[in-house]
Each structure stands twice: as C-alpha cells, then as structure tokens.
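The structure under discussion appears below in the form of structure tokens.
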Amino acid sequence: MRRLFPVTDQTSADRTDREWSLDELADAYPYPPLGTDGHWLRANMVSTLDGAGQHDGRSQPISGESDMRIFGTLRALADVVVVGAETVRQEGYGPARARDAFAARRSAAGQGPAAVIAVVTASLDLDFSAPLFTSPSAPTLVLTGAAAPADRVAAATAAGAEVVVAGDGAGVDPARAVRELADRGLRRQLTEGGPRLLGQFVAADALDELCLTISPMLTAGDAQRISDGPSVTVPHRLAPACVLEEAGFLFTRYRRI
C-alpha cells in the first residue's frame, strides 16, 4: 500500500495502491526556487522506530527497496551530494551515476548528467584509487580545512579530486562548506550523513530540510541517532511538507520554517 499525503492538502491525497513513478517521486521532493545567490541543503537519513540511524555501523540493514528508490530520486535532483569520510569508508561510496529517467529533468534545470560527490574530511584518510576518485562523471570534491595534511592534499589532487578549503583549521566549517559549494554553482545540496556530519550541519543551523525514512524495525543496542554532535541551545523547529508510505516504511519531509 502506498499513500502520498501532501500536508498542505490532505483532502486531495492520492490513496491508490499503484507504484509511484520516478517522475511522481521527483515531483514530491522539489527543491524550492533559488535566487542567483540562493542555496538549499537537505539531508536524507533513515532511522528505526527506536531511533537507531545504523545497524552494525551501516544504514543498509535498516533500509529497503522503497527507501533506495527515494535515495536515488533525491540524488537525481541534487547538484551535489555531501558526505562524511567515515560514511564513504563504511558504505563503500562510489560516484553518483547518470540515470536516463532523470536526464530530461536535469537538462531542463541546467544540471550535469549526475550529482557531484563532495567528501568532508579533516585527515583526507581516503582511498584515492577507489572508483569515487578514478571514474566519476565529474571530479569528486574534497572539503577540508586549511591545516589539512599537505601530503594527503597532494594525493587527492594527483588522483583528480578538487580540494576545497572550507575551514581555517584542520576541519570544515559547515556553514562555509555550504557557501563554497554554492559559489561553484552547486546550490541544490543533499547530505547523506553520516550522523556526525549531520550533527555539525544542525549545530551550525545550516540545514534547510530533512528527508527522514522511518524504518519499521526495532534494533535496541547503542547505535547512533541520525544526528550526533553538540546540542543546540534551542531545538530547531521544522514544518512537515510531505509523507509517503510504502511497505511499512514512512517517508517524511520536513522544511525549515
């Protein structure tokens, strides 16, 4: 059973059991209109019913086929996918791939065939021989600080990555990272975590939207939540924008008020 509930107009919700097309999913997750200097950062995360953002250190065990369709759709709408180095290592990240189903939509939006991947890292402890760096459709970006290890910066550059300085120390300033990406024309931004990176964006008040999959699973244990890091002084309030249900998974979208 699939239900899409636009929160602004629940009376017109489509309650059929048919499979939603990729075009319909894309229409359910639009980026807002952006001015010349505008940018929008959304996060896509998955959580179990008892709040676990991972199982055995990875998100895949708490995901599912329908969640991966949303995952692919959100990537297809983005200019850039921002991800932490630990998630790259744990999840075996490769380059975003071009998909025929979204080619016309991306072309009309002035986008390249696939989203750019931007890896946030202080140490640059990455495998620069991996496909993420050797065979992307567009050069992978490495977001780091001005004090990053010079030998690792050189290794990244030699591998074809573009190193972007987005912090004055070893690490990255989340708000500055968003601006640096926007300055490169990458204004429709998507972060896939992990929890520590999302926590940094939340603490910096740089997150505009959260797309959260609620997985119909219970894991117990001590897994991280989807956002892990320093607490904010006042909790950030978001407004619900859309809810989709499939096979027990609940796909929610919340936007900055």
Side-chain angles (χ1 to χ4, degrees), residues 37-45 53-54 57-59 78-93 95-96 115-130 132-134 136 138-210 223-236 256:
D37 299 324
H39 51 74
W40 189 264
L41 175 65
R42 65 169 31 152
N44 181 32
M45 303 293 285
Q54 304 168 338
R58 301 176 63 230
S59 61
D79 296 330
V80 60
V81 178
V82 188
V83 62
E86 182 63 20
T87 298
V88 168
R89 292 187 290 264
Q90 291 286 341
E91 305 281 355
Y93 261 60
V116 173
I117 303 293
V119 184
V120 177
T121 175
S123 67
L124 283 82
D125 181 15
L126 298 163
D127 179 5
F128 293 119
S129 67
L132 178 60
F133 299 99
T134 60
T140 295
L141 303 181
V142 175
L143 298 173
T144 192
D151 60 330
R152 298 306 296 165
V153 171
T157 303
E162 180 183 350
V163 178
V164 179
V165 174
D168 294 331
V172 168
D173 176 340
R176 180 172 167 182
V178 169
R179 295 194 302 270
E180 291 286 349
L181 293 171
D183 288 346
R184 286 163 172 75
L186 304 173
R187 300 185 295 126
R188 303 174 188 90
Q189 302 168 2
L190 169 68
T191 180
E192 297 168 348
R196 284 192 292 273
L197 179 60
L198 180 56
Q200 292 171 30
F201 282 127
V202 171
D205 196 21
L207 188 70
D208 299 299
E209 180 178 321
L210 173 64
Q224 286 178 302
R225 294 161 35 195
I226 64 164
S227 178
D228 184 24
S231 177
V232 298
T233 304
V234 178
H236 299 168
R256 178 191 291 274

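- Considering only residues two or more places apart in sequence or on other chains, Arg179 meets the side-chain hydrogen bond (donor to acceptor under 3.5 Å, both in side chains) condition with none of them.
- Contact of the Phe201 side chain with the Val82 side chain is registered, since non-hydrogen atoms from C-beta on lie closer than 4.5 Å.
- By the 4.5 Å heavy-atom criterion applied to side chains, Leu181 and Leu143 are counted as neighbours.
- Between Ala138 and Val116, the closest heavy-atom pair is CB-CG2, 3.9 Å.
- Legend: residues meeting side-chain hydrogen bond (donor to acceptor under 3.5 Å, both in side chains) with Asp205, ordered by chain and number and at least two apart, are Arg256.
- Separation of atoms CD (Gln200) and CG (Leu207) is listed at 12.5 Å; rounding is to 0.5 Å.
- Contact detail for Gly194 and Met45: the closest heavy-atom pair is C-CE, 4.3 Å.
- Nearest heavy-atom pair, Thr134 versus Ser129, reported as atom, atom and distance to 0.1 Å: CG2-O, 3.5 Å.
- Across Phe133 and Thr140, no two heavy atoms sit closer than the pair CE2-CG2, 3.7 Å.
- Looking at residues two or more places apart in sequence or on another chain, you find a side-chain hydrogen bond (donor to acceptor under 3.5 Å, both in side chains) between Glu209 and Trp40, Arg42.
- Dense packing is recorded around CZ of Arg89, with more than 12 heavy atoms of other residues, nucleotides or ligands lying under 6.0 Å away.
- A donor-acceptor pair under 3.5 Å is absent between the side-chain atoms of Asp79 and the main chain of Leu186, judged by distance alone.
- Within 6.0 Å of the CZ atom in Arg225, the count of heavy atoms belonging to other residues, nucleotides or ligands does not exceed 12.
- In terms of heavy atoms, Ser123 sits closest to Pro149 at O-CG, 3.9 Å.
- Here the straight-line distance linking atom CG of Leu126 with atom OG1 of Thr121 works out to 5.0 Å at 0.5 Å rounding.
- A donor-acceptor distance shorter than 3.5 angstrom exists from the side chain of Asp208 to the backbone of Leu41, with no hydrogens or angles considered.
- Proximity of a side-chain donor or acceptor of Thr191 to a complementary backbone N or O of Ala43 within less than 3.5 Å is not detected.
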Requested in this report: Verify side chain to side chain contact (heavy atoms under 4.5 Å, CB included) between Val165 and Glu180, making sure each step is shown before the conclusion.
Outcome: CA-CA 8 Å; Val165 174; Glu180 291 286 349; over 6 Å; no
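- At a threshold of 4.5 Å between non-hydrogen side-chain atoms, the residues Val178 and His39 count as touching.
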Considering only distance and modelled atom types, tabulate donor-acceptor pairs under 3.5 Å from the side chains of residues 226-234, sequence neighbours left out.
| from | atom 1 | to | atom 2 | distance (Å) |
| --- | --- | --- | --- | --- |
| Asp228 | OD2 | Gln224 | NE2 | 2.7 |

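- Looking at heavy atoms from C-beta onward, Ile117 lies out of side-chain contact with Val88 at the 4.5 angstrom threshold.
- Taking 4.5 Å as the limit, every side-chain heavy atom of Asp168 sits out of range of all side-chain heavy atoms of Asp173.
- Here the shortest heavy-atom pairing between Leu124 and Ala148 reads CD1-CB, 3.7 Å.
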Return all side-chain donor-acceptor pairs below 3.5 angstrom for residues 154-164, not counting sequence neighbours, or 'none' if the list is empty.
| from | atom 1 | to | atom 2 | distance (Å) |
| --- | --- | --- | --- | --- |
| Thr157 | OG1 | Val153 | O | 3.0 |
| Glu162 | OE2 | Arg184 | NE | 3.2 |

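- Judged as a side-chain hydrogen bond (donor to acceptor under 3.5 Å, both in side chains), and not counting sequence neighbours, the contacts of Ser59 are Glu91.
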